[in-house]
Amino acid sequence: MSSAQDAEPSGLRCLVTGATGYIGGRLAPELLDAGHRVRCMARTPVKLRDHPWVGATEVVAGDVTDEASVRDALRDIDVAYYLVHALGTGKDFERTDRTAARVFGEQARAAGVRRIVYLGGLTPRAVAAHDLSPHLRSRAEVGRILLDSGVPATVLRAAVIIGSGSASFEMLRYLTERLPVMVTPSWVSTRIQPVAVRDVLRYLVGSATMPADVSRAFDIGGPDVVTYRDLMRRYAAVAGLPRRLIVPVPVLTPRLSSHWIGLVTPVPAGVAKPLAESLRHEVVCDEHDIADYVPDPPGSPIGVDKALSLALRRVQDAQVSTRWSSASVPGAPSDPLPTDPDWAGGSLYTDRREAVVDASPADLWRVIEGIGGENGWYSFPLAWAVRGRLDRLAGGVGLRRGRRDAARLRVGDSLDFWRVEEIERGRLLRLRAEMRLPGLAWLEMSVGRDAEGRTRYRQRAVFHPRGLLGHAYWWAVSPFHATVFGGMARNIARAAARTPAKPAA
């Protein structure tokens, strides 16, 4: 068969949908490095603003369910990457996925796109569609729709993806590190074929130049077939942990498993459930035909132990470029902070705090940008922990998502149960709440100087209530604001004063 390198010239015009997500945020720079031109489509383009590669791309706003925006995004495109799905958007997510895939395929055909590339899930061929989890069933259906679109399509079918920041890796890492003895569901004995994220990206990039007569699905996986129990034990060995005792029991359903995972790991139940459901059936590659078009270089595909080691090293070196939480939490509020004084949409409660800081603005900013994760929130840790636990019990993300990077934030980053909505480096950090609330909430922290030239810290919590319950919520928690928000302002100011000044360059 002809190779990908002989099929098409370099410098293709590529559209990456889902560019704010885990895979899309890594694929865009890989395509640039391969010499292609990249257009990124995102529902909220500002989330891409702080990525180091974004200046070399074109960014457009769009939603895959909106024909007009998809049509505009696909104009003059050679290869379109479809990296979105509606999982978690509600009970009708399969219908939403189906509609979006049809819109995308129809518009790609009308625009003369030469190839669609889709990353889906590996499904066991012997299992009927109605017996699959809704997650895998929808992924498979999307693949079929794109293959039937009239545009040559490459559908890559992957099982567990191992890479720093992936939901699968985070689930594995926290379960293994936190539980030396585990009572686990029976799916830990299911055989799976993990694949390293580096190989996934290599296949995605290579698929752009497949011959025009190739339109099919490909199984992609690493060289090792293991059980999830093996995977946990091999992670423990790579991480230098004592051998884990794993006791499988038959009573933990995917729903119960998801809550168990949600209690132990940062992965919320809504994300954990489809991951657990996907492990009910054996997911092992039936073929490796992708190598006929995207040849494996020496040392690839990457084995489990090396993939785990590479991912762990990225986490330890704080070099995680994207995380599973890079994409917004489905159902979380996305409304921007209402502008003042133009806001005319009803009540808007605020809590304002200020403090003079005996430190430079740069020192204060380092404390602000380092907030959350391991550093905490500088006030009443028990109250934050309880609020996070209550959010998890209500099906929210809780307080354990942590940070992508220990020192630096960028627009779109998840930060515990907040998301970075705006950052003006050295001056302003605005966070939007993604916890379960009867309304919308933001937290702003800013750096400035007063009339006397002193460094001043300003903090503002904003809440837009939804209905009577929202108003009741604000007044119920307002007595604690002096402790939580007041203590936060004081302690941030103190932490900045204790921060050693950086030496002049």
Side-chain angles (χ1 to χ4, degrees), residues 1-2 4 7-8 12-18 23-24 27 41 62-87 89 92-159 200 203-204 206-220 274 278 283 285-287 289-290 292-294:
M1 295 184 182
S2 61
E8 297 285 352
L12 296 172
R13 294 162 297 186
C14 300
L15 173 71
V16 178
T17 64
I23 294 293
L27 176 61
M41 185 176 98
D63 189 307
V64 289
T65 61
D66 177 62
E67 288 189 13
S69 65
V70 172
R71 185 185 309 119
D72 290 342
L74 287 168
R75 187 173 292 117
D76 301 324
I77 289 295
D78 298 313
V79 181
Y81 286 89
Y82 192 78
L83 303 175
V84 295
H85 60 94
L87 181 68
T89 56
D92 291 334
F93 83 88
E94 289 183 82
R95 183 169 61 183
T96 303
D97 267 342
R98 186 180 308 123
T99 300
R102 285 175 178 161
V103 167
F104 197 81
E106 290 167 0
Q107 294 303 318
R109 184 178 66 249
V113 171
R114 294 155 66 180
R115 177 164 299 278
I116 296 172
V117 183
Y118 170 61
L119 177 61
L122 184 59
T123 55
R125 299 187 192 277
V127 178
H130 63 267
D131 290 328
L132 294 173
S133 70
H135 165 62
L136 282 182
R137 185 169 60 237
S138 183
R139 289 292 185 93
E141 183 183 21
V142 167
R144 289 193 298 271
I145 291 171
L146 296 177
L147 285 168
D148 293 341
S149 67
V151 178
T154 301
V155 174
L156 302 179
R157 301 168 6 118
V200 173
Y203 293 137
L204 285 167
S207 294
T209 50
M210 279 189 177
D213 61 348
V214 176
S215 185
R216 54 163 290 189
F218 295 90
D219 294 352
I220 58 172
S278 301
V283 279
C285 298
D286 287 333
E287 42 82 11
D289 296 349
I290 188 70
D292 293 331
Y293 304 96
V294 188

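Computation of the quantities below employed the complete heavy-atom set of this structure, encompassing side-chain atoms and omitting hydrogens, waters and symmetry-equivalent molecules.
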J.: Nearest heavy-atom pair of V155 and G143: which atoms, and what distance?
T.: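 Smallest interatomic distance, heavy atoms only, reads CG2-O, 3.8 Å.
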J.: Decide if the gap between the ring center of Y203 and the ring center of F218 is smaller than 6.0 angstrom.
T.: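 When the ring centroids of Y203 and F218 are compared, they turn out to be at least 6.0 Å apart.
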J.: What I'd like to find out is whether the side chain of M210 reaches to under 4.5 Å of the side chain of I290, using heavy atoms alone.
T.: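 Contact flag for M210/I290 side chains = yes.
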J.: Looking at S207 and R115, what are the two nearest heavy atoms and their distance?
T.: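 Closest approach of S207 to R115, heavy atoms only: O-CD, 3.1 Å.
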J.: Does any part of the side chain of Y118, heavy atoms only, come nearer than 4.5 Å to the side chain of L147, both counted from C-beta?
T.: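 The answer is no, as the side chains (C-beta and beyond) never meet within the 4.5 Å cut-off.
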J.: I want to check something: taking the side chain as every heavy atom from C-beta on, are Y293 and T154 in contact at a cut-off of under 4.5 Å?
T.: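 Y293 vs T154: side chains apart.
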J.: Search all heavy atoms of V79 against all heavy atoms of V117 and return the closest pair with its distance.
T.: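 Minimum heavy-atom separation between V79 and V117: CG1-CG2, 3.9 Å.
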J.: Could you walk me through whether T123 and R139 pass the side chain to side chain contact (heavy atoms under 4.5 Å, CB included) test, one step at a time?
T.: CA-CA 9 Å; T123 55; R139 289 292 185 93; 6.0 Å; no
J.: Between L204 and I23, does a side chain to side chain contact (heavy atoms under 4.5 Å, CB included) hold up when you go through it step by step?
T.: CA-CA 10 Å; L204 285 167; I23 294 293; 3.7 Å; yes
J.: Hey, are the side chains of I220 and V200 touching, using non-hydrogen atoms and a 4.5 Å cut-off?
T.: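 When only atoms from C-beta onward are counted, V200 and I220 do touch, with a gap below 4.5 Å.
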J.: Of all heavy-atom pairs between V151 and A108, which one has the smallest distance, and what is that distance?
T.: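 Closest approach of V151 to A108, heavy atoms only: CG2-C, 3.9 Å.
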J.: Measuring from atom CE of M41 to atom OH of Y81, what distance do you get when rounded to the nearest 0.5 angstrom?
T.: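 Answer for the CE-OH pair, M41 versus Y81, is 15.5 Å.
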J.: Could you check F104 against L74 for side chain to side chain contact (heavy atoms under 4.5 Å, CB included), going step by step and ending with a plain yes or no?
T.: CA-CA 9 Å; F104 197 81; L74 287 168; 4.1 Å; yes
J.: Looking only at heavy atoms, what is the nearest atom pair of E94 and E141, with distance?
T.: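 Closest pair (atom of E94, atom of E141, distance): O-OE1, 4.5 Å.
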J.: Between A153 and S215, which heavy-atom pair has the shortest distance, and what is it?
T.: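 Residues A153 and S215, closest heavy atoms: N-OG, 3.0 Å.
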J.: Do T65 and V103 pass the side chain to side chain contact (heavy atoms under 4.5 Å, CB included) test, and can you show the C-alpha distance, the side-chain angles, and the key distance before you say yes or no?
T.: CA-CA 7 Å; T65 61; V103 167; 5.9 Å; no
